[in-house]
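What follows is a single structure, written as structure tokens, with notes after it.
All values reported here derive from a predicted model rather than from experimental measurement.
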Amino acid sequence: MKTIKELLQFINSIDVKGNIDIEISDITADSRQVEKGSLFICLDGSTVDGHSYAQQAVDAGASALLVSKDVAVVGDVTIIRVEDTRQAMMGCVPAFFDYPALSMRMIGVTGTNGKTTTTHMIAHILRAKGYKVGVIGTVHILIGDTSYPIHNTTPDVVDLQHILAQMVREGVTHCVMEVSSHALALGRVAGVEYDTAVFTNLTQDHLDFHKTFENYLAAKCKLFEQVSADNQSKSNKGAVINIDDPYGCRVVDKTTAPIITYSTCGKGSLNAKDIAMTAKSLTYTISYNNREYPVTINTTGLFNVYNTLAAIGACLYEGLSFEEIDTALSSFSSVPGRFELIEEGQPFAVVVDYAHTPDGLENILQTAKKIVQHHIIVVFGCGGDRDATKRPIMGKIAAQYGDVIIVTSDNPRTENPEKILKDVEVGVKNNLREGTSYRVVADRRQAIQAAIAMAQNGDVVIIAGKGHENYQILNEGTIHFDDREEARIALKEK
């Protein structure tokens with residue numbers, strides 16, 4: 001615990017009213033989580049203004065409020081007035097938790113695609129070495145073997161510091177986390193010092209938020225600027241960068257930390273060659289420092305060659321040998337919803353994947369092309385209230401690789417599902433190859449059933465967009481929906 005007086009060292013306050021010598025037991029920006037002795041931060045968000053909940057927080061036992069505008073509250077509470085509560089939060093919250101990131105090795109993975117698989121690969125290798133590992137990312141939070149739900153790929157400052165502090169208390173030595181462009185742009189990772197920064201790739205996504213691709217790139221690069229900044233407390237820093245990506249060189253220029261570049265074209269310091277893949281496995285040879293090492297992994301796809309290279313680079317910075325890394329990778333299985341094979345004894349492949357960007361969709365379809373014997377059947381859609389410009393692009397990609405394309409709903413959110421479907425359909429219809437076909441089936445359950453019903457021996461059914469998600473976000477609210485469950489039901493019925 002810390003007193004308000006101690007926290008004021010990290011806040012540029014305009015005015016403070018009340019007792020500053022009282023101790024704060026916790027910090028939260030969610031009035032529903034306020035307990036006796038809490039500091040409640042009134043964030044003025046795009047849809048909700050935390051100042052409206054100031055009295056509710058006081059009634060729940062808050063000892064102090066951090067505000068940027070006047071609040072009329074009744075009760076014994078200290079009020080700290082600042083110009084920007086979000087900026088103040090970035091300063092005081094990590095300090096309240098004693099900067100837990102300084103007590104662990106912090107490995108941050110950023111990029112458009114591959115973050116989840118790469119973080120899980122890194123964690124798997126480190127666990128095999130005997131370390132206690134924490135994971136923060138799209139699928140969940142992992143502390144050792146215990147899984148917790150997550151709401152954002154990278155949680156906000158308060159939640160993140162809570163999680164990191166819990167990891168320290170539970171003896172975690174290495175935290176591996178996905179670092180989203182939103183988090184970097186909005187300062188959610190304030191107070192976190194990374195030891196290794198990993199760049200997977202950069203393709204179109206999130207332009208609804210960043211507006212331009214240059215802004216998107218600049219946000220990603222903040223991680224690499226930080227890992228070599230002058231104000232670092234820890235030593236032994238490193239960066240691992242996909243040099244095959246068109247933007248890899250731009251990322252390299254943003255850091256002065258030691259760099260491992262990786263490639264499948266012989267351009268990196270860590271190179272993969274002689275790649276062979278089946279529907280369920282990958283083998284290739286790595287060359288590094290004039291030596292060669294074999295790698296075998298129980299998953300497939302060229303994108304997973306890149307993911308393993310990224311993971312290997314990060315683990316080299318942690319002092320592991322290639323022999324230790326390869327042994328660990330041989331027991332790694334795919335992450336839920338990432339090229340996940342659904343098996344019910346059928347004579348064709350059914351794959352569920354989270355691919356929701358043009359590059360992500362193309363990657364899995366290219367992999368399907370390598371393993372398919374007959375036809376590729378693609379079921380996919382695009383999310384609502386997100387970058388609409390990628391919809392026809394993804395439709396075009398589906399038409400270039402798929403033999404039958406079924407356009408369906410993803411998470412329409414507040415948008416009209418029919419409009420989203422039409423945006424995607426334009427890209428499909430204008431790029432159909434001879435002998436291929438498409439249909440629009442708005443109901444995702446019916447779309448999955450239709451795809452599996454038509455599948456024959458040697459086909460590959462790709463169900464893309466939602467992956468591990470077990471919900472669908474509609475205008476009326478969120479419902480339970482899991483592509484994997486639906487695929488299994490359809491397979492059993494077939």
Has [X] got a side-chain atom pairing as donor or acceptor with [Y]'s backbone, closer than 3.5 angstrom?
| X | Y | answer |
| --- | --- | --- |
| Thr112 | Thr203 | yes |
| Asn304 | Asn307 | no |
| Thr308 | Val305 | yes |
| Ser281 | Thr299 | no |
| Glu193 | Lys234 | yes |
| Lys129 | Gly319 | no |
| Lys115 | Gly111 | yes |

Practice problem: Please list, chain by chain and in numerical order, all residues satisfying side chain to side chain donor-acceptor pair (under 3.5 Å) with Arg445, sequence neighbours excluded. | Solution: Glu486

Exercise. Using a strict cut-off of less than 4.0 Å between a Lys/Arg side-chain nitrogen and an Asp/Glu carboxylate oxygen, indicate whether Lys466 and Asp482 qualify as a salt bridge.
Key: no

Quiz item: Between Glu292 and Lys273, is there a side-chain N and carboxylate O pair less than 4.0 Å apart?
Solution: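 Salt bridge present between Glu292 and Lys273.
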
Practice problem: Take Glu344 and Arg488 through the test salt bridge (Lys or Arg N to Asp or Glu O under 4.0 Å) and record every step on the way to the result. | Solution: CA-CA 7 Å; Glu344 290 291 339; Arg488 290 191 190 284; 3.1 Å; yes

Is the distance between the ring centroids of [X] and [Y] less than 6.0 Å?
| X | Y | value |
| --- | --- | --- |
| His162 | Phe97 | yes |
| Phe322 | Tyr288 | yes |
| His140 | Tyr148 | no |

Is there side-chain contact between [X] and [Y], with heavy atoms separated by less than 4.5 Å?
| X | Y | result |
| --- | --- | --- |
| Val158 | Leu160 | no |
| Asn298 | Ser333 | no |
| Arg127 | Tyr131 | no |
| Gln161 | Phe96 | no |
| Ile463 | Asp353 | no |
| Thr196 | Val240 | yes |
| Tyr262 | Ile243 | no |
| Phe224 | Val252 | no |

Nearest heavy-atom pair of [X] and [Y]: which atoms, and what distance?
| X | Y | value |
| --- | --- | --- |
| His374 | Asp459 | CB-OD1, 3.2 Å |
| Val441 | Ala447 | CG1-N, 3.7 Å |
| Gly467 | Asp483 | N-OD2, 4.4 Å |
| Arg86 | Gly45 | NH2-CA, 4.3 Å |
| Ala398 | Phe380 | CB-CE2, 3.5 Å |
| Gly248 | Ile241 | O-CG2, 3.6 Å |

Between [Y] and [X], is there a side-chain donor-acceptor contact under 3.5 Å, judged purely by atom types and distance?
| X | Y | result |
| --- | --- | --- |
| Thr255 | Ser228 | yes |
| His124 | Ser331 | yes |
| Asp359 | Thr357 | no |
| Thr138 | Tyr354 | no |
| Asp244 | Ser263 | yes |
| Thr296 | Tyr284 | no |
| Glu469 | Asn411 | yes |
| Gln472 | Thr478 | no |
| Asp385 | Thr414 | yes |
| Tyr194 | Gln226 | no |

Practice problem: Sorted by first residue and then second, give each salt bridge (charged side-chain N to carboxylate O under 4.0 Å, His left out) pair with at least one member in residues 332-341; sequence neighbours left out. | Solution: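 Those involving residues 332-341 are Glu340-Arg484.
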
Quiz item: Can you list the steps and then say if Arg391 with Glu425 is a salt bridge (Lys or Arg N to Asp or Glu O under 4.0 Å)?
Solution: CA-CA 8 Å; Arg391 295 171 188 169; Glu425 186 183 6; over 6 Å; no

Quiz item: What do the steps show when you test Ile136 against Cys175 for side chain to side chain contact (heavy atoms under 4.5 Å, CB included), and what is the final call?
Solution: CA-CA 8 Å; Ile136 302 172; Cys175 174; 3.9 Å; yes

Counting only heavy atoms from other residues, nucleotides and ligands, does the tally under 6.0 Å from [atom1] of [X] exceed 12?
| X | atom1 | value |
| --- | --- | --- |
| Lys222 | NZ | no |
| Lys280 | NZ | no |
| Asn231 | CG | yes |
| Asp145 | CG | no |

Quiz prompt | Audit row: Val135, Met177, side chain to side chain contact (heavy atoms under 4.5 Å, CB included) steps and yes/no | solution = CA-CA 6 Å; Val135 177; Met177 65 180 289; over 6 Å; no

Practice problem: Show the numbers, then the answer: is there a side chain to side chain contact (heavy atoms under 4.5 Å, CB included) between Thr200 and Val109? | Solution: CA-CA 7 Å; Thr200 60; Val109 180; 3.9 Å; yes

Self-check item: Trace of the ring-ring contact (aromatic ring centres under 6.0 Å, His included) decision for His480 with Tyr471
Solution: CA-CA 4 Å; His480 178 81; Tyr471 56 83; 9.2 Å; no

Practice problem: Output, in order, the C-alpha distance, side-chain angles, deciding distance and verdict of salt bridge (Lys or Arg N to Asp or Glu O under 4.0 Å) for Arg105 and Asp195. | Solution: CA-CA 6 Å; Arg105 290 286 294 176; Asp195 299 288; 3.4 Å; yes

Practice problem: Would you check, one step at a time, whether the test side chain to side chain contact (heavy atoms under 4.5 Å, CB included) holds for Asn363 with Leu302? | Solution: CA-CA 8 Å; Asn363 282 337; Leu302 181 62; over 6 Å; no

Quiz prompt | side chain to side chain contact (heavy atoms under 4.5 Å, CB included), paired with Leu202, selected from Val251, Asn242, Asp245 | solution = Asp245

Practice problem: Begin from the C-alpha positions of Lys220 and Glu225 and carry the test salt bridge (Lys or Arg N to Asp or Glu O under 4.0 Å) through to its verdict. | Solution: CA-CA 9 Å; Lys220 295 290 190 188; Glu225 294 165 351; over 6 Å; no

Exercise. Nearest 0.5 Å please: distance from the CG atom of Leu164 over to the OG atom of Ser103.
Key: 10.0 Å

Quiz item: Out of curiosity, Met121 CE to Ile325 CD1, how far, rounded to the nearest 0.5 Å?
Solution: 12.5 Å

